[in-house]
Amino acid sequence: MTSSVRVRFAPSPTGHLHVGNARTALFNWVFARQKRGTMILRIEDTDIERSQVRYEDQLVADLKWLGLDWDEGPDIGGPYAPYRQSDRLEIYREHAERLLNDRKAYLCFCTDEELELERKLAHAEHRQPIYSGKCRALDLDESQRRRAAGEGGAIRLRIPEHAIRFHDIVRGPVEFSNEVVSDPILLRSSGMPVYNFVVVIDDALMQISHVIRGDDHISNTPKQVAVYEALGWPVPEFAHLSTILGADRERLSKRHGATSIATFREMGVLPEALNNYLALLGWAPHGGTREVFSLSELVKEFSLDRVTPSPAVFDMEKLYWLNRHYIKEAPLERIAQLALPYYTRSIVSEMARAAGVEPSEPYPWTPPPPVTDWLAKITLLLAPSVDRLDQLPEKASLIFHCDAAAALASPDNAEVLAGPNTSAVIEAFSGKILDDPEAKAHQLTPERFKTIVNEVKTEAGAKGKELFHPIRTIVTGSHSGPEFDKLIPILEEGSHLALPRHVLSVHERVEAFMHAYRT
RNA sequence: GGCGCUAUCGUCUAGGGGUUAGGACGGAAGAUUCUCAAUCUUCAAACCCGGGUUCGAUUCCCGGUAGCGCUACCA
């Protein structure tokens, strides 16, 4: 059984899908699924100057990536098609003319200059900056003649002589005095309809029951309610979602860094993390203590009337926390698969840099299965400690290259290198590795490694950091890093693989280090 | 300038006429580990201001302030 709940997400294809819109889409989607209602995607492209098809494609891709689907839309059609406003222009014109003939609207012949002057005057006199209503009293037949004669007139709605009220699920009853709402333009003199008009026509014709959107529309709502009333149509429920702000409390924009869904995807943020975080921005479950929600759990727990009206600051750290959580929770195969492009990009661009050429895209190297398996092991080892997947290559850099000279010169290692027992540890450890048959064959096992370390421990009389820091520095170039038990097999395996750049085995690392150390 | 919306730890929030004002992120400290990360434990941290109502307001009402939004023949 389907309820009569019908909601829509209605973006303008004028840019990338950003977190504010994504959150609006999410809340619409969750509400629709929860009420077993219908989710509609509608493209609001009446601004022909700024709308672009590529943005529409991008929008669709981003929504799909988030896992938010729709039941009716431009790509799949539906009973109220078309779902792209540029394909509905006739519908808008008809309704505008109807309003005009019913005397609910009138033709306005004021020029931009006149209107601009009115606004300036109102501002100077501290009055409401609304249209004077100069053309309101014009005779309709006379106006029609002027229009027919080529004097382009815009169609304006007559705002009623009473206060306009509507209900908002997140804010309660809202009332605007008619004194402060200007007679809105419905149809421009060019014949193109205006947002405040088309949105109502579409929402009404598409039987939208709940308009869930950003609160930047709240001041427009009285104009829209007036359109519903003029047309004699029922007014839907509204839910205006608060603005998402940047850390400086200003409206979130590109200036604040990553804000588009595509960017988050490229950074290796998982869609479930983003959905979860966005849901927490302005909504909390009853009790307010639970934070982790999958999309389906959200459908169960979400409640539109628990949405908070106050603006929320976007906190990247908390998103990262959720992302870490989902990275750890996800099956390794999936994470390994997602991580793969970051490694290949990194490996290839490093190769290119070494060769002195520009790295190209797509990357001219596809890792064969033994390499992908090996990279998966690296991911398993490193993924729990990254905020996002694109940090993996950086974390793994100690596997891919180990520069003994740089390690010796690094100020980070100076203290370790100067330790009282360091040289004894280095001598003992390097001697054993260089002589070890397993290590020579690049087949050193963690067990054998452990035995060697224990022998060094006794011979050099060093333990704890004194023992391990120098060993780490020899093997990885840094005194901190992942557990040896897991790292050693990765190093050894990597040294047998056909990679664009050879990965050094433990033996080779010790050799290189000692060479640099002695000179 | 006009109108509107909003106001609990740094941030996201729960709560609500009498509470030790709860949780989470981040921060600090500790435990653990050879190290970093992860993990676990602990700690610090908030009711915007002023009136009113009330025995009692952070909670209800009014005003102020601040932030944001709208103020287009943009969406």
Side-chain angles (χ1 to χ4, degrees), chain A residues 10-14 44-47 49-51 85 108 110-112 115-116 119 122-131 152-156 168 170-171 174-177 179-182 184-196 198-199 214-223 240 242-243 245 247 249-251 277 280-292 306 308-322 324 328 382-386 395 416 453 457 462-473 476 478-484:
Chain A
S12 295
T14 55
E44 308 218 321
D45 56 351
T46 52
D47 185 349
E49 313 274 282
R50 295 193 297 154
S51 297
Q85 291 186 329
C108 174
C110 294
T111 62
D112 285 346
L115 296 171
E116 180 62 22
R119 272 193 294 273
H123 190 280
E125 293 174 2
H126 301 189
R127 293 192 336 260
Q128 329 289 344
I130 65 171
Y131 176 57
I155 300 182
R156 264 189 207 271
D168 190 300
V170 341
R171 287 153 221 272
V174 184
E175 183 181 313
F176 282 80
S177 159
E179 302 286 320
V180 303
V181 357
S182 196
I185 302 256
L186 269 23
L187 217 59
R188 293 179 250 245
S189 42
S190 66
M192 269 307 265
V194 165
Y195 168 77
N196 277 318
V198 301
V199 74
D215 71 354
D216 46 335
H217 290 288
I218 204 162
S219 302
N220 285 323
T221 308
K223 292 179 187 175
H240 286 102
S242 66
T243 320
L245 308 174
R249 305 215 124 253
E250 284 192 40
R251 194 202 199 114
Y277 179 66
L280 259 21
L281 234 40
W283 173 81
H286 180 74
T289 54
R290 189 171 164 200
E291 308 264 356
V292 176
R306 287 187 60 82
T308 45
S310 51
V313 172
F314 191 90
D315 180 9
M316 200 64 101
E317 288 302 326
K318 189 148 184 176
L319 204 215
Y320 287 158
W321 168 70
L322 279 164
R324 289 196 297 266
K328 276 177 257 183
L382 267 19
S385 64
V386 295
K395 279 267 179 189
V416 174
V453 170
K457 182 181 181 177
K463 57 178 182 171
K465 294 183 188 182
E466 257 192 333
L467 172 66
F468 278 93
H469 278 187
I471 293 177
R472 278 195 172 280
T473 308
T476 69
S478 167
H479 56 77
S480 71
E483 303 165 51
F484 276 129

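So that the names make sense, note that chain A is the first sequence line, chain B the second, and so on, each numbered from 1.
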In whole angstrom, give the distance that lies between atom [atom1] of [X] and atom [atom2] of [N].
{"X": "A:L186", "N": "B:rA75", "atom1": "CG", "atom2": "C1'", "value": "16 Å"}
{"X": "A:R306", "N": "B:rA14", "atom1": "CZ", "atom2": "C1'", "value": "8 Å"}
{"X": "A:M316", "N": "B:rA24", "atom1": "CE", "atom2": "P", "value": "23 Å"}

Base-contact (B) and sugar-phosphate-only (S) positions in nucleotides 30-43 of chain B, heavy-atom cut-off under 4.0 Å, - elsewhere: ----BBBSSS----
Under 4.0 angstrom, heavy atoms only, what part of the nucleic acid is [X] near: base, sugar-phosphate, or nothing?
{"X": "A:D47", "result": "sugar-phosphate"}
{"X": "A:E317", "result": "sugar-phosphate"}
{"X": "A:T308", "result": "sugar-phosphate"}

Exercise: do A:D216 and A:T243 side chains pair donor with acceptor under 3.5 Å: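 Distance-only check fails for A:D216 and A:T243.
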Residues in side chain to side chain contact (heavy atoms under 4.5 Å, CB included) contact with A:D315, at least two apart in sequence or another chain: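 Result, side chain to side chain contact (heavy atoms under 4.5 Å, CB included) vs A:D315: A:Y277, A:E317, A:K318.
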Proximity to the side chain of A:K318 - top-ranked nucleotide from B:rC25, B:rG2, B:rC73: B:rC25
If only side-chain N and O atoms of [X] are considered, is one of them under 4.0 Å from the OP1 or OP2 phosphate oxygen of [N]?
{"X": "A:R249", "N": "B:rU6", "result": "no"}
{"X": "A:R251", "N": "B:rG69", "result": "yes"}
{"X": "A:T289", "N": "B:rG22", "result": "no"}

Distance, P atom - from B:rA72 to B:rA14, rounded to whole angstrom: 35 Å
